[in-house]
Amino acid sequence: MLNDITMGQYFPGNSLLHRLDPRVKLLVTFVYIIAVFIPQNWTGLAVAVAFLLLCVALSKLPVRLITKTFKPIIPLILLTSILNVFYLDSGNVWWDAGFFKLTDHGVYTAIFIAIRILCLIAGSSLLTYTTTPTALTDGLERLLNPLRALHVPVHELAMMMTIALRFIPTLIEETDKIMAAQKARGADMESGGMMQRIRAFLPVLIPLFVSSFRRAYDLATAMECRCYRGGEGRTRMNRLQMHGRDVATLLFTAVFVAALIVLNIVLPSTL
Amino acid sequence: MTVLETHNLTHVYAEGTPFEKTALDDVSLSIEKGELVGIIGHTGSGKSTFVQHLNGLLKPTSGKVLLDGEDIWKDPKQIRRVRFRVGMVFQYPEYQLFEETVYKDIAFGAKNMGLSDEEVDARVRRAAAFVGLKNELLDNSPFDLSGGEKRRAAIAGVMAMEPEVLILDEPTAGLDPKGRNNLLSQIENYRKENGTTILLVSHSMEDVARLADRVLVMHKGQLKMLAPTDEVFSRAEELEEMGLSVPAVTKVFMGLKNRGINVGQNAYTVESAVSALVARFGKGGGADA
Ligand SMILES: Nc1ncnc2c1ncn2[C@@H]1O[C@H](COP(=O)(O)OP(=O)(O)O)[C@@H](O)[C@H]1O
Ligand SMILES: [Mg+2]
């Protein structure tokens, strides 16, 4: 059932990608998300895809995990592709129906953009697949630390994110359990119209809310018992430390971005 | 007469991911009409996974579940019917309460069956009586009940569907000894009056010894034993190897035997132990050994 949701989940491992400093992974992912929009020709896009494939290989995760994340965004890709094919009518015409022209330019652009979106999704899921939620927020907190000078509550935001990420699997599991229990009492969540389905979800939502509040209270008590009082003066047990592999990764990423820019300059644009 | 059968039932969770886990491994067995089967096994041995297959909440990775000789997945659209016939009370069922009143919550399942209002009303009151919920509580919010009362309300919600087979997954977990004793007696009474087939998953060997006709032992997803209660508990060493124990009185009796004290047959409940000891050593019972 809901167990099929893998987005945002962490898959334990000991690959190079798993061992990289979370700050480096966050930076590289951020840079990659922007870099995917640099290429204006097929060669550049191929380099961007190659970079991603290299990361997937280095993560030693099954490829199926990556392709699984594509499923929920297929509708989005279809929609953008259709729009592209419809609105772009420059280039060689393959088929002309008066109001609608199918052109090579439109089709190529659609494919180009679809690949870009897939790269975005795969790149960001690779980050969460190989980084524990705690390491992720830890890295984020450290990266955003300079913003504290502007009175941004960086620690509190990071803590909220840690807690949210920590409880996603718990909530999914809980939803699964409650759904099973209500189905056992004959709740019908799979048929009927829109309104009927929403109503059918109340028996799941209400217990879920109740237990979320209970959990929140318990967690607050547990944190207070351990004298948590925000980020002021808080020290860390595991300090993040940059290693050779982290520096190498950053350099490699810089070279990658430079290559994309150079390719844009020397090769003609296909878009 | 057989009511439920499984054939080579296997279930794999999260297939194809690094979290892949075979929770049920080739389980074949049959459950007779009207019997009470206790299901025991270490935490994670697959008990909950197994029982969730019996009413179609989980779909087998391979293998079959037959209800009255018919594959329950023959027509997936009819799976709700199976769920009304095989009632399932989950572990910690109090977390599934959601209605405004206890009455409505107990009625939820029965209503889903499409019964008339009078019939639903009669069933709700019967079920509430079985679990010992007082009438005046029925109009309260389920969230105002005590822990034990919530548990009983949730169990009543499944009983009100009057299923042919009732599955209870660790119904006594987290209850105090008195609440637990009461609940077990209520289950016994319910069974006596309705002749319902009952599957009781439990951690407590004492509970199982007291109620069960047969005991099913799970270990690492496999069916290790399915035999009459006394037979299962006479295989204490095997049970201990699986991280399970036998009832405390059974241990005492085995210890006595090992020390050469003849106490007759083994005992699995305190009552049977008392009567065995009285028969052996009681008034004029000739304590000559
Ligand atoms: N939804 C699930 N997803 C993945 N693994 C699960 C899930 N539910 C149970 N398991 C695993 O299957 C095994 C059997 O679990 P379960 O049937 O709950 O055992 P029991 O009820 O005997 O304690 C355990 O190892 C558990 O971790
Ligand atoms: Mg269980």
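Side chains included, hydrogens not; waters and symmetry mates left out as well; all remaining heavy atoms used. Just so it is clear: chains get the letters A, B, ... in the order the sequence lines come, proteins before strands, and each one is counted from 1.
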What is the ring orientation for A/F256 with A/F51, classed by angle as parallel under 30°, tilted 30 to 60°, or perpendicular over 60°?
parallel
Quick check for you: among A/V204, A/I206, A/I178, A/L205, which has the greatest number of heavy-atom pairs under 4.5 Å with chain B?
A/I206
Which one of A/D188, A/L208, A/V210 has the most heavy-atom pairs closer than 4.5 Å to chain B?
A/D188
Both conditions, 6.0 Å and 45 degrees, for the charged tip of A/R214 above the ring of B/Y95: are they met here?
yes
Please check if the number of heavy atoms outside A/D218 that lie under 6.0 Å from its CG is greater than 12.
yes
If I measure from the heavy atoms of chain A, does B/F143 come under 4.5 Å with its side chain, its backbone, both, or neither?
side chain
Toward chain A, the part of B/E94 with a non-hydrogen atom under 4.5 Å:
neither
Let me know if B/M161 has heavy atoms under 4.5 Å from chain A in its side chain, its backbone, both or neither.
side chain
May I ask you to check whether over 12 heavy atoms, not counting those of A/Y228, lie within 6.0 Å of atom OH?
yes
Above 12 or not: heavy atoms from other molecules or residues under 6.0 Å from CD of A/Q241?
no
Interface check, chain B: of A/A181, A/P203, A/P207, most non-hydrogen pairs under 4.5 Å belong to A/P203
Cation-aromatic face contact B/K59/B/W73, 6.0 Å, 45 degrees:
yes
Out of A/E174, A/R64, A/R185, which one racks up the most heavy-atom pairs below 4.5 Å with chain B?
A/R185
